[in-house]
Visitor: 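Take this structure, written in structure tokens, and hold onto it; I'll ask about it next.
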Amino acid sequence: QVQLVESGGGLVQPGGSLRLSCAFSGFSLRYYVIGWFRQAPGKEREGLSCISNSDGSTYYRDSVKGRFTSSKDSAKNTVYLQMNSLKPEDTAVYYCAAVLGRIHCGLGYYHTPVGYDYWGQGTQVTVSS
């Protein structure tokens, strides 16, 4: 059974940092892609990043490029999203999602929610002074 659990959200001041974790189970011995998404009130869910364990490829949305970094710890079955220089407009519920397969993160399909089959429950990130 595939499960993803996010943690690490919270309240942070503008310019601060947070590291989100996505602990997964049920597919650690297979090829997969983990994507990070966020959804602010009244807005559509948007893709932030993608990391593939089959070819090491990554993708970042322009608005977070250079500020957010996704990484994986295969021994812990965990993918992280390090978020630096946070802005109030980064406030949202953050989700991780997974899809199984040998997938290159450069493919646009995997920058959107429809590319993913499994989702975590989300964690709130609030950037405010």
Side-chain angles (χ1 to χ4, degrees):
Q1 183 179 359
V2 173
Q3 284 191 318
L4 299 97
V5 179
E6 302 97 335
S7 61
L11 173 64
V12 63
Q13 292 187 341
S17 298
L18 279 176
R19 189 179 76 162
L20 305 183
S21 299
C22 174
F24 59 87
S25 61
F27 59 88
S28 59
L29 298 180
R30 301 180 62 178
Y31 291 117
Y32 62 82
V33 160
I34 298 286
W36 284 97
F37 294 80
R38 68 185 178 192
Q39 188 166 19
K43 294 189 176 181
E44 292 188 351
R45 191 169 297 188
E46 62 180 15
L48 304 175
S49 72
C50 166
I51 186 166
S52 170
N53 80 330
S54 64
D55 65 3
S57 58
T58 58
Y59 155 79
Y60 295 95
R61 187 181 191 88
D62 284 348
S63 61
V64 304
K65 201 174 293 184
R67 299 191 298 128
F68 291 10
T69 303
S70 184
S71 61
K72 59 181 175 65
D73 185 332
S74 298
K76 295 183 178 180
N77 291 340
T78 301
V79 170
Y80 302 98
L81 184 68
Q82 177 67 44
M83 306 186 296
N84 300 325
S85 303
L86 284 162
K87 307 174 183 180
E89 52 263 42
D90 293 318
T91 295
V93 178
Y94 283 68
Y95 300 88
C96 64
V99 58
L100 306 184
R102 299 184 69 168
I103 296 166
H104 183 69
C105 274
L107 298 173
Y109 184 72
Y110 300 102
H111 307 167
T112 67
V114 296
Y116 293 81
D117 298 319
Y118 307 99
W119 290 83
Q121 82 288 351
T123 185
Q124 176 71 46
V125 171
T126 302
V127 185
S128 175
S129 54

Visitor: Does Arg67 use its side chain to pair, donor to acceptor, with the backbone of Ser63 at less than 3.5 Å?
Guide: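 Side chain of Arg67 to backbone of Ser63: a pair is present.
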Visitor: Determine whether Leu48 and Val125 fall in the same hydrophobic cluster, where Ile, Leu, Val, Met, Phe, Trp and Tyr are linked whenever their side-chain heavy atoms lie under 4.5 Å apart.
Guide: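 Yes, same cluster.
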Visitor: How are the rings of Phe27 and Phe24 set relative to one another: parallel (under 30°), tilted (30 to 60°) or perpendicular (over 60°)?
Guide: parallel
Visitor: If you take all heavy atoms of Tyr116 and Gly35, which pair is closest and at what distance?
Guide: CE2-N, 3.5 Å
Visitor: Any chance the side chains of Ser128 and Thr126 put a donor and an acceptor closer than 3.5 Å?
Guide: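 Side chains of Ser128 and Thr126: no pair found under 3.5 Å.
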Visitor: Starting from Val64, can I reach Leu86 by hopping between I/L/V/M/F/W/Y residues whose side chains sit under 4.5 Å apart?
Guide: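 Yes, same cluster.
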Visitor: Should the ring pair Phe37 and Trp119 be called parallel, tilted or perpendicular, given that the plane angle runs from 0 to 90° and is split at 30 and 60?
Guide: tilted
Visitor: For the residue pair Val33 and Cys105, what are the closest heavy atoms and their distance?
Guide: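 Heavy atoms of Val33 and Cys105 come nearest at CG1-SG, 4.1 Å.
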Visitor: Provide the closest heavy-atom pair for Glu6 versus Trp36 in the form atom of the first, atom of the second, distance.
Guide: CG-CZ3, 4.1 Å
Visitor: Of all the heavy-atom pairs spanning Ala98 and Leu4, show the shortest one and how long it is.
Guide: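 Looking at all heavy atoms of both residues, the closest pair is CB-CD2, 3.8 Å.
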Visitor: Could you check whether any side-chain N or O of Ser52 sits under 3.5 Å from a backbone N or O of Ile103, counting only pairs where one atom can act as donor and the other as acceptor?
Guide: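 Present.
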Visitor: For Lys76, is the NZ atom crowded, meaning more than 12 foreign heavy atoms sit under 6.0 Å from it?
Guide: no
Visitor: Measure from the side-chain N and O atoms of Asn77 to the backbone N and O of Ser25, and report whether any donor-acceptor pair falls under 3.5 Å.
Guide: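 Here the side-chain-to-backbone pair does not exist.
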Visitor: State, with a plain yes or no, whether a side-chain heavy atom of Leu81 is found less than 4.5 Å away from one of Phe68.
Guide: yes
Visitor: Please answer: with hydrophobic residues joined when any side-chain heavy atoms are less than 4.5 Å apart, are Val99 and Tyr109 in the same cluster?
Guide: yes
Visitor: For Leu100 and Tyr118, what are the C-alpha separation, side-chain angles and deciding distance, and is it a side-chain contact (heavy atoms from CB on, under 4.5 Å)?
Guide: CA-CA 9 Å; Leu100 306 184; Tyr118 307 99; 4.3 Å; yes
Visitor: Which residue pairs pass the salt bridge (charged side-chain N to carboxylate O under 4.0 Å, His left out) test with at least one member in residues 31-51, sequence neighbours excluded?
Guide: Arg38-Glu46, Arg38-Asp90, Glu46-Arg61
Visitor: Group every Ile, Leu, Val, Met, Phe, Trp and Tyr by side-chain heavy-atom contacts under 4.5 Å, then state whether Leu11 and Met83 land in the same group.
Guide: no
Visitor: For Tyr94, which residues count as a ring pair (Phe, Tyr, Trp, His ring centres under 6.0 Å) partner, sequence neighbours excluded?
Guide: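 Not a single residue meets the ring pair (Phe, Tyr, Trp, His ring centres under 6.0 Å) criterion with Tyr94.
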Visitor: Whether the side chain of Thr91 engages the backbone of Val127 through a donor-acceptor N/O pair (distance < 3.5 Å, no angle test) should be reported.
Guide: yes
Visitor: Do Tyr60 and Ser70 make a side-chain contact, defined as non-hydrogen atoms from C-beta onward lying under 4.5 Å apart?
Guide: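 Heavy-atom side-chain distance check passes, below 4.5 Å.
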Visitor: Is the backbone N or O of Arg102 less than 3.5 Å from a side-chain atom of Ser54, with the two atoms forming a donor-acceptor pair by type?
Guide: no
Visitor: List the atom pairs, donor and acceptor, that lie under 3.5 Å between side-chain atoms in residues 12-23 and the rest of the protein, sequence neighbours left out.
Guide:
unit_1, atom_1, unit_2, atom_2, d
Ser17, OG, Asn84, OD1, 2.9

Visitor: Contact between Lys72 and Ile34 at the side-chain level, heavy atoms closer than 4.5 Å - yes or no?
Guide: no
Visitor: When rounded to the nearest 0.5 angstrom, what is the spacing between NZ in Lys65 and OG in Ser49?
Guide: 12.0 Å
